[in-house]
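Notes follow the structure.
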Protein chains: 2
Amino acid sequence: MTATRRPTLADVAREVGVSAKTVSRVLNEDGPSSPETRRRVLEAVAKLGFQPNLMARSMRVGGPDTTVGLVVPDLGNPFFGAVAGGIEDAVHGHGLTLLMGSSDDDPEREHALIRTFLARRVSVLMVAPAVGADHAHLKSHRAAGMPVVFLDRPGNGLTTDTVVSSNRAGTQEGVAHLIAGGHRRIGFIGDLPARLYTRRERQAGYRAALAGAGLPHDRGLVADAHDPAGAAEATARLLALPDPPTALLSGNNVMTIGVMTELSRSGRKDVAVVAFDDVPMAGILEPALTVVAQNPVTMGESAGAAALERLGGDRGRARTILVDTRLVPRGSGELPPPARTR
Amino acid sequence: MTATRRPTLADVAREVGVSAKTVSRVLNEDGPSSPETRRRVLEAVAKLGFQPNLMARSMRVGGPDTTVGLVVPDLGNPFFGAVAGGIEDAVHGHGLTLLMGSSDDDPEREHALIRTFLARRVSVLMVAPAVGADHAHLKSHRAAGMPVVFLDRPGNGLTTDTVVSSNRAGTQEGVAHLIAGGHRRIGFIGDLPARLYTRRERQAGYRAALAGAGLPHDRGLVADAHDPAGAAEATARLLALPDPPTALLSGNNVMTIGVMTELSRSGRKDVAVVAFDDVPMAGILEPALTVVAQNPVTMGESAGAAALERLGGDRGRARTILVDTRLVPRGSGELPPPARTR
DNA sequence: ATGAAAGCGCTAACAA
DNA sequence: TTGTTAGCGCTTTCAT
C-alpha cells in the first residue's frame, strides 16, 4: 500500500523553471505557449511521471457533479443490471453518468456506500434498500435538493420518490391464473428473509388470490429459501406432502431456477408453475414457463425520469411509482390439476 | 439541472456563529467540544443539509482513495455482474469499495467514465474495454502507481495486467467435442462486431478444432448477430442451407438465447449445440445444454488479487492471467449427427 | 474549548 | 507569452 508522493504541478514548474500556471496552460492547452516552453514542460512531465490531480482541478473549477449513484443489493442479479440499464437510458442524454455499487444486502455496507457517494458529491442518489437499512440520515440531503429515489423496495425513515413493481397485484394475478385453471392447492416458494418487502408483497398477493377464490390458506404450502438449491429442496418438500400442491408460484427469478431444476430432476411435468419475474429462455423450457414479468428497464427509466424532474426543480411531494407487471402465459401455468376423486 | 450551491463548512460555521474548525472538530470527533456547541453544530448541519466535500478533505489529508473503479460494456449482461461480484469478494476485505459504470461498448463513453473515475482518484482502475477504445492515456497513471487491470478483453496501447478466459482453447475443446461425436459440418454463431477480441479468439478456436480434425473450414457456416433475435435468424439461415450443419457452436450467452429459441421454435431437437459461457437453467432444457463454462467470479477474483498485489508494491512486469474454461457435457453436445449416405 | 492562519494542488482573473 | 494573486473546502499547526 506504499505510494511515493506524486509529483505536483509545482514540481514540474520547478524542474522546468517556469511558473505553475505555465505548466497548467501547456497541459490544458489553455492560453498560448511557446513551442520551446511546451517541449520542456512535456519533457519534465514525462520525466517526473507527473499526473494531474483531477480532484484539485475539479475542486477549483467547481460546477455540479454529474454522477448518479446507485446502490443495489446484488450486482450478480440480472434484474438490477436491467434496472441500471434503464436508469442509464434515462439520464445519459442529460449528461449524467451512472455509478453503481453493491451493498450485498447488508445495511452497513449500504450505508458505507451511500457515504462514499455523498462524499463524492453525486447529484442523485438511488437505492434499492438492503433489508433492515435505515435512511433517515438522508433527509437533510434530500431537503438540500439532492434527489433520492428508492428502487424495487421502499426505504425506511425517509419519504421520497419510490419506484416499485406491482408485486402484490401481479402475484395475485398469477395465482388467480392458476386457480382459474382448476388448481386448489397452490404452493408458494418465497425468498428469505421473509420480511423482505418484495417477498411480503408477493406473498400478500398470493393470499389475496386464495381469499378471493374462497380457498383456504394452508401455511404448510408456503416455503422459504435463499438460493436455488434451497428452492429446489423446498419444492421437493412441498411435493412430498401427503396432500401436495398441484401448482407452484415461484417468488422471484433466483427461486425459479431452483424450482424448475427440481421439477426437471424429478420429471414432474404435471406441476403447474407461475414464476414472478421473467427469466431468459423461459419460453423454451418444456413446458414453457408462464411468468409474471416485471419491467426492470421501465423501472430504471421511471427512476431516472423522476430524478431529472427533481433536478429540474420539482419540489412536489414524494411519489410512489408502481410499474406494472404482466402475466405472460406460456404453458406451465395452464397445466390442469390432475383429475381427482372427490 | 439547476443545483443550489451546496453548503460548506463555512456556511455551517456562520450559521452557528463559530469557526470552521470547530465544526470540523465536531464532525470528525477530533478535539474536544462542549455539548452545547456540538448540539448546535449538528442542528445546523441537519438544517442546511451540509455534506462534507470529501474531495477537499482528501486533498488536504492526502492519501489514496479506497475505491476500485470498474468499467464494463454492459450492465445488463450477467457475465459482468458475476465478474464484479468476484472483484468485490477479493477487495472488500481490504477496505476497498467497488464502483461500476457502463461504457455501453462505446469508446467515448468508456473514456468519459475513466475520466470520472480518475477524477475521483480511484486507487485501482479495471476496464473491460469497449471495441476500438485506446488506453495509451493510462500509461502515466499506471506509471504513477495506480494499478490498471483489463478484464475479459485486452486493452489497446497499454501493457498491464489482463484477465481473460481461455476463449480459444475452450472453444476448440467445445468444437472438438462435437467432432468427436461424429459431426463434420459445424456452424459458428458469433457476436458482432466481428473484430471483438472474444469473438475473434473463439472463432480462432473453432477453426483450430476443424483444422485439427482435418475438416474444411466452410465460411458459409459462420454467421453473425448482435442480439438474440439476430442469432435466431442466423440459426435458421444456417439450418436452411443445402448442406446444413448438424451441430452449432454458440459464441456467447446472448447468442445462445437466440440459437436455442430458434431450435425450439422449429422443433429441431436433432441439432447438436455447444454454447460458450454457461447460462442459468441450461441443465433443464431438453436436451440439456452442453456448454463451455466460463468462470466469471474467478476472473473477478483474479483481477482483484492482481490489483492488491500491485497496490502492495509489486512492480513486476504485466501479467496475463488466463482463466480456464470448462466443458460441461449435458446432452445437447452429445447428439450424434443423423446417419447419412456417403 | 475554540480560533486564526497556512496550505493541500490546481486554475480563474488579472496583470506584466 | 508568461507570472502573480487569490481561493475552491477542508484540515493541520499553533495560539488563545
Side-chain angles (χ1 to χ4, degrees), chain A residues 3-42 44-45 48-65 115-116 118-122 141 144 146, chain B residues 3-42 44-45 48-65 115 118-121 140-141 144-146:
Chain A
T4 42
R5 192 181 75 81
R6 302 193 183 194
T8 74
L9 249 199
D11 293 328
V12 177
R14 202 173 309 118
E15 175 83 14
V16 182
V18 295
S19 79
K21 179 62 197 175
T22 300
V23 178
S24 169
R25 260 196 280 262
V26 170
L27 261 32
N28 297 312
E29 288 169 358
D30 198 15
S33 54
S34 78
E36 170 63 5
T37 309
R38 159 184 238 75
R39 191 188 57 69
R40 292 175 54 211
V41 166
L42 261 21
V45 163
L48 299 180
F50 167 73
Q51 178 51 50
N53 184 336
L54 281 301
M55 245 165 164
R57 168 178 229 276
S58 79
M59 208 182 106
R60 177 67 246 238
V61 174
D65 188 272
R115 278 177 39 99
T116 297
L118 292 178
R120 277 133 200 283
R121 320 244 91 163
V122 295
H141 300 271
M146 187 186 67
Chain B
T4 42
R5 192 180 71 81
R6 298 200 187 197
T8 74
L9 247 200
D11 293 327
V12 177
R14 201 172 309 118
E15 175 82 14
V16 182
V18 295
S19 78
K21 178 59 202 176
T22 300
V23 179
S24 170
R25 259 195 282 259
V26 170
L27 261 32
N28 298 314
E29 287 169 359
D30 200 13
S33 53
S34 78
E36 169 63 7
T37 309
R38 161 185 237 75
R39 192 188 57 71
R40 293 176 55 210
V41 165
L42 292 172
V45 163
L48 299 180
F50 167 73
Q51 175 53 47
N53 185 335
L54 193 90
M55 266 172 167
R57 166 175 233 275
S58 80
M59 206 182 107
R60 180 68 242 241
V61 175
D65 186 87
R115 277 177 41 99
L118 293 178
R120 275 136 204 280
R121 299 249 117 165
S140 57
H141 296 266
M146 187 187 66

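A note on names: the letters A, B, ... follow the listed sequences, proteins ahead of strands, and every chain is numbered from 1.
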Protein-nucleotide distance (A/Asp11, atom CG; C/dC8, atom C1'), rounded to Å: 13 Å
Under 3.5 Å: donor-acceptor pair, side chain of A/Arg38, backbone of A/Ser33: no
Closest listed nucleotide, where the reference is the side chain of A/Ser19 and the choices are C/dT11, D/dC10, D/dT4: D/dT4
Sugar-phosphate only, base, or nothing, as touched by A/Ser33 at under 4.0 Å among non-hydrogen atoms: sugar-phosphate
N or O in side chain of A/Thr37 less than 4.0 angstrom from D/dT2 OP1/OP2: yes
Phosphate-side-chain proximity, A/Thr22 and D/dG3, N/O vs OP1/OP2 below 4.0 Å: yes
Proximal nucleotide (of D/dT11, C/dT11, C/dG9) relative to the A/Lys21 side chain: C/dT11
Audit row: B/Glu15, B/Val45, side-chain contact (heavy atoms from CB on, under 4.5 Å) steps and yes/no: CA-CA 9 Å; B/Glu15 175 82 14; B/Val45 163; over 6 Å; no
Closest nucleotide among D/dC10, C/dA1, C/dT11 to the B/Arg57 side chain: D/dC10
Given D/dT11, C/dC10, D/dT2, the nucleotide with the shortest approach to the side chain of A/Arg25: D/dT2
Per B/Met59 side chain, nearest of listed nucleotides C/dG9, D/dC10, C/dA12: C/dG9
Value in whole Å for how far the C1' atom of D/dC10 lies from CD of B/Gln51: 13 Å
Separation of D/dT1 P from A/Arg40 CZ (nearest whole Å): 16 Å
Under 3.5 Å donor-acceptor pair, B/Arg60 side-chain atoms to C/dG9 base atoms: no
Phosphate OP1/OP2 of C/dT2 contacted by B/Ser34 side-chain N/O (<4.0 Å): yes
Least distance between heavy atoms, B/Thr8 atom then B/Phe50 atom: C-CE1, 3.4 Å
Candidates D/dC10, C/dC10, C/dG3 - which lies nearest the side chain of A/Pro52: C/dC10
Distance, rounded to the nearest Å, where B/Leu27 contributes CG and C/dA1 contributes C1': 17 Å
Contact under 4.0 Å: B/Ser24 side-chain N or O vs D/dC10 OP1/OP2: no
Within-4.5 Å side-chain heavy-atom neighbours: A/Arg25 and A/Thr37: no
Gap between atoms CZ and P, on B/Arg14 and C/dA4 respectively (whole Å): 13 Å
Separation of atom CG in B/Asp30 from atom P in D/dC10, rounded to whole Å: 15 Å
Verdict with reasoning, A/Met146 to A/Leu118, per side-chain contact (heavy atoms from CB on, under 4.5 Å): CA-CA 10 Å; A/Met146 187 186 67; A/Leu118 292 178; 3.4 Å; yes
Rounded interatomic separation in angstrom, taking CG from A/Asn53 and P from C/dG7: 18 Å
B/Asn28 CG to D/dG9 C1', straight-line distance once rounded to whole Å: 13 Å
